[in-house]
Structure formats: C-alpha cells, structure tokens
Amino acid sequence: MASRINTSFTLIPNQKYRRSNRRSNSYFSDTLGSESQPLSTLGNFKALPLEIFQIILRYLSVKDISMLSMVSKTVSQHIINYISTSSGSKRLLLQDFHNLELPSKRQDSAILEHYRSLGLLFKRCTLLLPTRERLKYIHRILAEVSCFKFNGCAAPIQCLGLPCYGMFLQTLTAGWDELECHRVYNFLCELTDLSRKVQTVVCSKPGSARKLELRIRLFCRSVLLDHWIHQSDSAFWLTRILKPWPMVNQARLLYIIFGPISPQDGQVVWQKMIEEPTDESSLKGLADAIKLLYDTGTKEWTADDVISLIDELSVVPREWLLENNARLLILSGNNICFTFMASKAVNGRAIELAKLVVFLALVCEKELYCMDWAVKMMQKVCKVFSTPVERNNFLQSVANAFACVIMEMLQSVMSGDRDEDDRSFLNLFHLVHAQANFHKEVLYLTMNPLST
C-alpha cells in the first residue's frame with residue numbers, strides 16, 4: 001500500500017505541521033470529552049486533520065466504516081464523533097420510512113439492511129462501554145428519528161421506522177447474555193413507559209383503547225420480536241413481555257400482539273373468535289406464539305403454564321366458538337393439542353373433551369386434513385383415562401356429542417336462521433361428512449387388525 005501513495009503534493013513545513021498537530025489533538029480531546037490518546041494509534045491517519053478524516057468517511061459504506069472502527073480505540077472514537085455530527089447523522093440515519101411512490105420489497109429490504117449494518121457499526125464502536133452507557137449513547141443519537149419512538153409516527157401501519165429500529169436493536173444485542181438483554185428490555189420499558197401502557201390495555205374493556213392496542217402490537221412485534229433468527233431469542237423477548245403479568249392478562253396481551261386484525265386499519269378484531277368460525281390466517285400468529293413458548297424448553301414456561309394460557313386465551317374477550325378452539329389446537333401442533341386434551345381428561349372434563357373431538361373432526365373435514373389424525377389423537381387420549389369405565393364413558397360422550405351438535409345445527413337451519421351465504425347449512429353439511437369420515441376411520445382402526 002505504501003508504494004502507491006502519491007508523494008507529489010507539497011509537504012507542509014515540520015514546524016507548522018507540529019503546531020497543527022497540537023491544535024488537532026486538542027480539538028480531539030475537547031470533542032471526546034476524555035484524555036488525549038496517542039495519535040500513533042491512528043496509523044497513517046495521524047497526518048490528517050479531523051475534518052479530512054470525516055470527509056473520507058463520507059465515501060465509505062456503513063459496512064466499511066464498521067470494519068474501520070475495529071482498527072483502534074482512537075479510530076473508533078473519531079467515528080463516534082463523526083456519527084454525532086449533523087452531516088454524519090444525516091447520512092447514516094436514513095428516514096425514508098414513508099416512500100409510498102415506489103413501494104417494493106427491494107426498497108424495504110434495502111433500508112432494513114442499512115439499519116442492520118448500522119446496528120453492527122454501533123455494536124463495534126461502543127464495545128468498551130458498560131451496557132447502560134451504550135444504551136444511553138445510542139438513544140441520544142437515535143432520539144432525533146421520530147419514527148423510532150413509540151408514538152412518534154402519525155401513520156405507523158405504513159411506516160418502516162419501527163421495523164428498522166427493531167433490526168438495529170437485534171443486530172446490536174445479538175450474542176449478548178441474558179442479563180444484558182434484561183437491561184435492554186428494562187431500558188426500553190423506561191424509555192417508552194411500556195408497562196403503564198400495557199396495564200392500560202389489559203385492564204380495560206377490550207377495544208376501548210384501540211389506538212393504544214395497535215401501538216403496543218406494532219412496537220412489540222416490530223422492535224422486540226420479529227427479527228430474530230433463533231426461536232430461543234424470540235421466546236426470551238416474548239417472555240419478558242408476558243411474564244410480569246397474571247395469566248389472564250398474559251392471554252389478553254398475547255391476543256393484542258398476535259390476534260387477528262382488520263385489513264383496513266390494522267386494529268385488533270376482538271369479536272372474530274366468538275361470532276363465527278375463522279380461518280387459519282387469523283389464528284396462525286397465536287398458534288406460532290404458543291408453540292414458541294412450549295417448544296423452546298425455557299424454564300420460565302412449563303407445559304401447565306402453556307395449557308393454562310390457552311385456556312385463558314379461549315375466553316378472550318368471551319368464550320370462543322369451539323371450532324376456533326379446535327383450529328388453534330391443530331395449528332399449535334400435536335404435542336400441545338394432546339397435552340391440552342390430556343389435561344381435560346385428567347381433570348374430569350370428559351364431556352368438554354368429547355365435544356372438542358367433534359370440532360377437531362369438523363376442522364379436519366373442512367380443511368381436508370387427514371381424518372385418521374383426529375381418530376388417532378382420540379385413541380391416544382383414551383389411554384390417559386385410568387379405568388376402562390372412564391374410557392368407555394368418554395367414547396359414549398363422543399358419540400353423543402356428534403348427535404347433539406348435529407341436532408343443534410339442524411335446528412338452526414330449520415328455524416330459518418340462515419345468513420346470506422348459507423353458512424349454517426354448509427356447516428351442517430361439513431359436520432355430517434365429518435361424522436361419516438370419522439367413524440369410517442374408527443372402523444378401519446378396529447377392523448384391520450381382525451383381517452390380518
């Protein structure tokens with residue numbers, strides 16, 4: 001590299017150079033607010049005034065500046081100074097979060113990638129600072145970006161500000177131990193007053209603070225949850241959000257963060273689960289969150305905790321339709337579904353369990369899932385009952401539940417209580433087919449061993 005340096009420029013006389021050097025060094029000290037550091041750690045950059053060094057930084061990408069920050073502590077400090085300048089912050093803190101003229105995934109991913117790189121730059125530049133000091137410095141720099149604030153954006157649904165902030169934080173904190181991440185969460189809670197805001201929505205009537213519910217959902221999803229690669233990381237942050245609250249409030253908060261929303265305004269739809277059967281897309285977020293807490297094996301969540309959370313969730317804001325309960329269990333996976341059903345069997349709730357089996361069969365029929373799954377799940381649950389009498393009573397309850405639910409639907413159809421698209425009649429149609437296919441699988445299961 002030394003052989004390529006252009007030596008044709010006019011050299012500054014030594015005496016003047018030393019005088020300039022002392023002035024620059026004094027300027028560095030004033031800017032950094034700390035003791036002067038040996039300029040020898042700047043390498044070939046020691047001959048450059050700070051202004052020229054910052055001009056050079058303008059021509060480097062964020063990734064290149066990030067790499068340069070690891071050269072020495074002094075270089076890193078000068079980069080921090082550059083970030084703090086108006087020109088540096090204007091260049092690095094992109095705020096094109098609302099460019100709706102050319103909406104594209106490529107454009108979205110470009111600004112997200114920029115903030116990923118920026119997070120890495122800040123991670124390296126502040127490496128030697130204590131966690132709280134790092135967070136204070138970073139907050140001071142990012143505070144001028146209004147869309148990073150909890151209530152900072154007037155159009156939060158169309159804004160990429162919070163996702164970019166989340167990407168930045170994810171990169172910054174990746175690899176930190178749990179104690180440091182606890183401090184980050186506590187810092188964010190203090191900064192946004194998140195705990196008080198959550199208390200407001202979980203203790204109020206559902207839907208009475210719709211805008212606040214939306215803000216909490218967007219902040220938790222975009223900043224704390226959505227950008228993690230490893231499930232254990234997502235589970236850690238979701239646990240931080242939920243665990244301070246009683247189980248009933250945890251269920252309410254889980255619904256706010258992952259429940260169905262209106263496609264028009266993005267607000268939480270509270271009546272979705274209690275008025276009519278819903279689709280997979282409305283329940284997938286909730287199911288994924290439940291699986292996250294159950295499957296990651298964290299000590300903070302036992303199987304009983306997760307089952308209790310599902311129980312509480314199924315009455316938010318009032319008791320759900322059983323079909324929606326069944327759909328949530330199917331989407332949550334075999335282990336959770338079986339554990340939930342086994343819990344009912346052990347606690348003497350065989351009649352509830354039998355009715356749930358009916359709706360598991362109905363969902364399988366509607367969604368074209370294999371009906372033998374429902375039969376095998378029932379067979380597995382039968383083994384939980386401690387005596388043959390209990391087992392037989394449960395099987396009788398399943399048969400009775402099929403008859404009872406069919407009669408209820410038939411009465412609804414016969415009474416003329418049919419909506420425009422005849423959903424009641426269609427539901428009855430599916431249930432009759434579900435019963436036939438369910439019993440067909442039962443016959444296969446019992447008769448095939450005899451034929452062999």
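As a basis for the values below, the full set of heavy atoms in this structure was taken, side chains included, without hydrogen atoms, waters or symmetry mates.
- Thr339 and Tyr294 share a donor-acceptor pair across their side chains, judged by distance under 3.5 Å alone.
- At least one donor-acceptor pair closer than 3.5 Å links the side chain of Ser415 to the backbone N or O of Gln411.
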Check the pair Glu390 / Lys383 against salt bridge (Lys or Arg N to Asp or Glu O under 4.0 Å), numbers first and verdict last.
CA-CA 10 Å; Glu390 289 179 338; Lys383 297 176 182 178; over 6 Å; no

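- Minimum heavy-atom separation, Cys181 to Thr173: SG-O, 4.4 Å.
- When all heavy atoms of Ser89 and Glu144 are compared, the closest pair comes out as OG-OE2, 3.6 Å.
- For the atom pair Cys337 SG and Leu329 CG, the distance stands at 5.0 Å (nearest 0.5 Å).
- Taking the ring centroids of His230 and Phe236, they lie at or beyond the 6.0 Å cut-off.
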Check the pair Glu300, Thr239 against side chain to side chain donor-acceptor pair (under 3.5 Å), reporting the backbone distance first and the verdict last.
CA-CA 8 Å; Glu300 294 175 280; Thr239 300; 4.7 Å; no

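- The backbone N or O of Gln435 lies less than 3.5 Å from a partner atom in the side chain of His439, making a donor-acceptor pair.
- No donor-acceptor pair under 3.5 Å is formed between the side chain of Asp372 and the backbone N or O of Glu441.
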Worked verdict on Ile241 versus Tyr185 for side-chain contact (heavy atoms from CB on, under 4.5 Å)
CA-CA 9 Å; Ile241 295 169; Tyr185 181 73; 4.0 Å; yes

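- For His78 and Tyr82, the ring centers are positioned 6.0 Å apart or more.
- Looking at Glu312 and Arg252, no side-chain N of the basic residue comes within less than 4.0 Å of a carboxylate O on the acidic one, giving no salt bridge.
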Asp279 and Ser281: side chain to side chain donor-acceptor pair (under 3.5 Å), yes or no, with the steps?
CA-CA 6 Å; Asp279 56 7; Ser281 61; 3.1 Å; yes

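- Using a distance-only test at 3.5 Å, with no hydrogens or angles considered, no donor-acceptor pair links the side chain of His430 to the main chain of Leu362.
- Remark: Glu178 engages no residue in a salt bridge (Lys or Arg N to Asp or Glu O under 4.0 Å) (not counting sequence neighbours).
- For the pair Ser314 and Asn325, the tightest heavy-atom approach, listed with the atom from each and the gap, is CB-OD1, 3.1 Å.
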Kindly indicate, with the supporting measurements, whether the criterion side-chain contact (heavy atoms from CB on, under 4.5 Å) is fulfilled by Phe258 and Leu238.
CA-CA 11 Å; Phe258 295 103; Leu238 182 56; 3.8 Å; yes

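- Remark: the Trp270 side chain and the Glu213 side chain contain an N/O donor-acceptor pair separated by less than 3.5 Å.
- The 12-atom threshold is not exceeded at CZ of Phe429, counting heavy atoms of other residues, nucleotides or ligands nearer than 6.0 Å.
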Test log, rule side chain to side chain donor-acceptor pair (under 3.5 Å), inputs Asn400 and Gln396
CA-CA 6 Å; Asn400 293 341; Gln396 181 63 56; 3.0 Å; yes

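- Using a 30° and 60° split on the angle between ring planes, Trp320 and Tyr255 fall in the perpendicular class, above 60°.
- Without hydrogens or angle criteria, Asp177 side chain to Leu179 main chain gives a donor-acceptor distance under 3.5 Å.
- Within 6.0 Å of the CD1 atom in Ile351, the count of heavy atoms belonging to other residues, nucleotides or ligands does not exceed 12.
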side-chain contact (heavy atoms from CB on, under 4.5 Å) between Leu169 and Leu188, intermediate numbers included:
CA-CA 11 Å; Leu169 283 178; Leu188 289 173; 4.0 Å; yes

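- Put simply, the residue from Glu352, Met378, Met377, Lys380 that forms a side-chain contact (heavy atoms from CB on, under 4.5 Å) with Met341 is Met377.
- Taking the ring centroids of Phe168 and Phe148, they lie at or beyond the 6.0 Å cut-off.
- Under the 3.5 Å distance criterion, the side-chain polar atoms of Glu323 are left unmatched by any main-chain donor or acceptor of Pro277.
- A salt bridge does not link Asp295 with Lys291: every distance from a Lys NZ or Arg NE/NH1/NH2 to an Asp or Glu carboxylate oxygen is 4.0 Å or more.
- Environment of NZ in Lys63: sparse, with no more than 12 heavy atoms of neighbouring residues, nucleotides or ligands closer than 6.0 Å.
- Formation of a donor-acceptor pair under 3.5 Å by the Arg134 side chain with backbone atoms of Thr126 is found in this model.
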Show your reasoning for whether side-chain contact (heavy atoms from CB on, under 4.5 Å) applies to Cys159 and His98.
CA-CA 6 Å; Cys159 181; His98 296 270; 3.3 Å; yes

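- Closest approach of Arg217 to Ile256, counting heavy atoms only: NH1-O, 3.0 Å.
- In the model, Lys366 has a side-chain atom that pairs as donor or acceptor with a side-chain atom of Asn427 under 3.5 Å.
- Other residues, nucleotides and ligands place more than 12 heavy atoms under 6.0 Å from the CE atom of Met70.
- Counting heavy-atom neighbours within 6.0 Å of Lys243 NZ, excluding the residue itself, gives a total above 12.
- The environment of Glu319 atom CD is sparse: at most 12 non-hydrogen atoms of other residues, nucleotides or ligands sit within 6.0 angstrom.
- Without hydrogens or angle criteria, Ser84 side chain to Ile80 main chain gives a donor-acceptor distance under 3.5 Å.
- Between Phe97 and Tyr115, the angle of the ring planes lies from 30° to 60°, which puts this pair in the tilted group.
- Taking all atoms of both residues into account, the shortest heavy-atom contact from Met371 to Ala434 is CE-O, 3.9 Å.
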Determine, stepwise, if the pair Asp305 / Ser308 fulfils side chain to side chain donor-acceptor pair (under 3.5 Å).
CA-CA 5 Å; Asp305 288 337; Ser308 298; 5.7 Å; no

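- At a threshold of 4.0 Å, the pair Arg116-Glu113 counts as salt-bridged, since one of the basic side-chain nitrogens sits closer than that to a carboxylate oxygen.
- Other residues, nucleotides and ligands contribute more than 12 heavy atoms inside 6.0 Å of the NZ atom of Lys197.
- A side-chain donor-acceptor contact under 3.5 Å links Asn186 to the backbone of His182.
- The closest donor-acceptor contact from the side chain of Ser282 to the backbone of Thr278 lies at 3.5 Å or more, if one exists at all.
- Contact detail for Cys153 and Pro156: the closest heavy-atom pair is O-CD, 3.7 Å.
- Ionic pairing of Arg327 and Glu367 is present here: one or more N-O contacts between side-chain nitrogen and carboxylate oxygen are shorter than 4.0 angstrom.
- Using cut-offs of 30° and 60° for the angle between ring planes, the Phe150 and Phe219 rings count as tilted.
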